[in-house]
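Below is one structure; the comments refer to it alone.
Below, read A as the first sequence line, B as the second, and so on, with proteins coming before strands; counting in each chain starts at 1.
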2 protein chains.
Amino acid sequence: MRENTRSRIQEIALRLFTEQGYEATSLRQIAEELGVTKAALYYHFKTKDDIVASLADDRVAEFEDLLEWLRARPKTPQTRRELIVRYAERLDRPRNAEVARFLERNQTALRDHPKILRMREKMLEVVGELVEPGDPLTTRIQRSMALFSLHAGMWLTQNVEASEQERRQAAREVAIKLMEA
Amino acid sequence: MRENTRSRIQEIALRLFTEQGYEATSLRQIAEELGVTKAALYYHFKTKDDIVASLADDRVAEFEDLLEWLRARPKTPQTRRELIVRYAERLDRPRNAEVARFLERNQTALRDHPKILRMREKMLEVVGELVEPGDPLTTRIQRSMALFSLHAGMWLTQNVEASEQERRQAAREVAIKLMEA
DNA sequence: GTCTATAGGATGATAGAC
DNA sequence: GTCTATCATCCTATAGAC
């Protein structure tokens, strides 16, 4: 009941950051929803930035994980298809999609944050592993869009009459197709 | 020299909003870069929000323009291909791509802004015109990604050794290919 | 671990002189 | 159209009691 206060702060902060944006969310607001005072937050996190850092850590680790796996395999269509599946599986774990969305939507506000820079680097490294030096620009773009369609696909179909499972499946199909550039 | 102060405010605000995010950019900062005081800004714009509104107006008008054209034509592959070209041409006009990027990257911070809501609606209306009621989800996703690849394609190739023209051309090719779902 | 209290500063916005 | 001066409010962060 007490030791997971840290985890509850992350949860509430993540929700508010995603809904309202990072800058627009104050520690007062987070504290209020948590039912404590602002000062209490500072016991768990040194600064507001530290909350973001703790969230970004998960995502960086994820990319590093994918990179390690990717580099141990040959650059084949089969590998790229498997990457889609692996990445999609990770996004399906509840909190991950939210963290991804938050970081994606707040890149500008957080652009100087060292953890964000690191995350962007890792992301571009993943893209780099999807192409060969001789590949045309169009291949690079299309294969990157494959990964991105897993995120965007869910947003684009939010108002469509279809189950979440169907939407997820559709996004995955598009991603795999785009990866076959 | 005096009447374009309004336009210069828009220009500087747009640059700073894009670089740092909307919330992170203060009126003091905008005024400083313009070489006037904060108070002077309030002569040209009633509030900070008003600056955003003036920028969003251009983009909403653009979507409305595209919609009008789109609705006067049959829903054919040919029409969709032409839409890509038309949209790409608009993005190429210098300020438009910047405005699009700003609005895209600050959707969260601006989510309650009426102009932003309107813009999002218009965007979804455009996507709606790209599909028929019976089309599968995958078609909807892929055709939306076509439009998006025009924006993302430029970002994804920013570190690549290629001229801006080549990158633009590559993004356009990917977009057209995706539209042929 | 959480509190009260407060420092110290930036912010959006307004009033009124020029 | 732009200025100075100022307001009211919010913010992050810290000190120190319990």
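For the ring pair (Phe, Tyr, Trp, His ring centres under 6.0 Å) test, residues two or more places apart in sequence or in another chain that qualify with B:Phe17 are B:Tyr22, B:Phe102. Take B:Asp65 and apply the salt bridge (Lys or Arg N to Asp or Glu O under 4.0 Å) test, not counting sequence neighbours, and it matches B:Arg90. Annotation: salt bridge (Lys or Arg N to Asp or Glu O under 4.0 Å) contacts of A:Arg81 (sequence neighbours excluded): A:Glu180. Under the ring pair (Phe, Tyr, Trp, His ring centres under 6.0 Å) criterion, B:Tyr87 pairs with B:His151, sequence neighbours left out.
Set against C:dT14, C:dC3, C:dT2, the side chain of A:His44 has C:dT2 as its closest nucleotide. You'll find that the side chain of A:Tyr42 is closest to D:dT12, out of D:dT12, C:dA5, C:dA13.
Distance, B:Lys48 NZ to C:dT14 C1': 18 Å, rounded to whole Å. Atom CG of B:Leu41 is separated from atom P of D:dT4 by 13 Å (rounded to the nearest Å). As a whole-Å value, the separation of A:Asn4 CG from C:dT2 C1' is 15 Å. In this structure, CD1 of B:Ile9 is placed 11 Å from P of D:dG1, rounded to the nearest angstrom. Straight-line distance from the CG atom of B:Asp50 to the P atom of C:dG12: 14 Å, rounded to whole Å.
Apart from A:Val160 itself, the hydrophobic cluster it occupies contains B:Leu137, where clustering links Ile, Leu, Val, Met, Phe, Trp and Tyr at side-chain heavy-atom distances under 4.5 Å.
A heavy-atom distance below 4.0 Å to DNA chain D is reached by these residues of residues 18-36 of chain A, ordered by number: A:Thr25, A:Ser26, A:Leu27, A:Arg28.
Where A:Lys38 and A:Tyr43 meet DNA chain C, the nucleotide closest to each residue was compared, and A:Tyr43 sits on the side nearer the 5' end.
Distances shown here put a side-chain N or O of B:Thr5 below 4.0 Å from the OP1 or OP2 atom of D:dT2. Taking 4.0 angstrom as the limit, A:Thr37 places none of its side-chain polar atoms (N or O) nearer than this to OP1 or OP2 of C:dT2.
Using a 3.5 Å distance cut-off with no hydrogens or angles, the side chains of B:Arg101 and B:Thr18 do not pair a donor with an acceptor.
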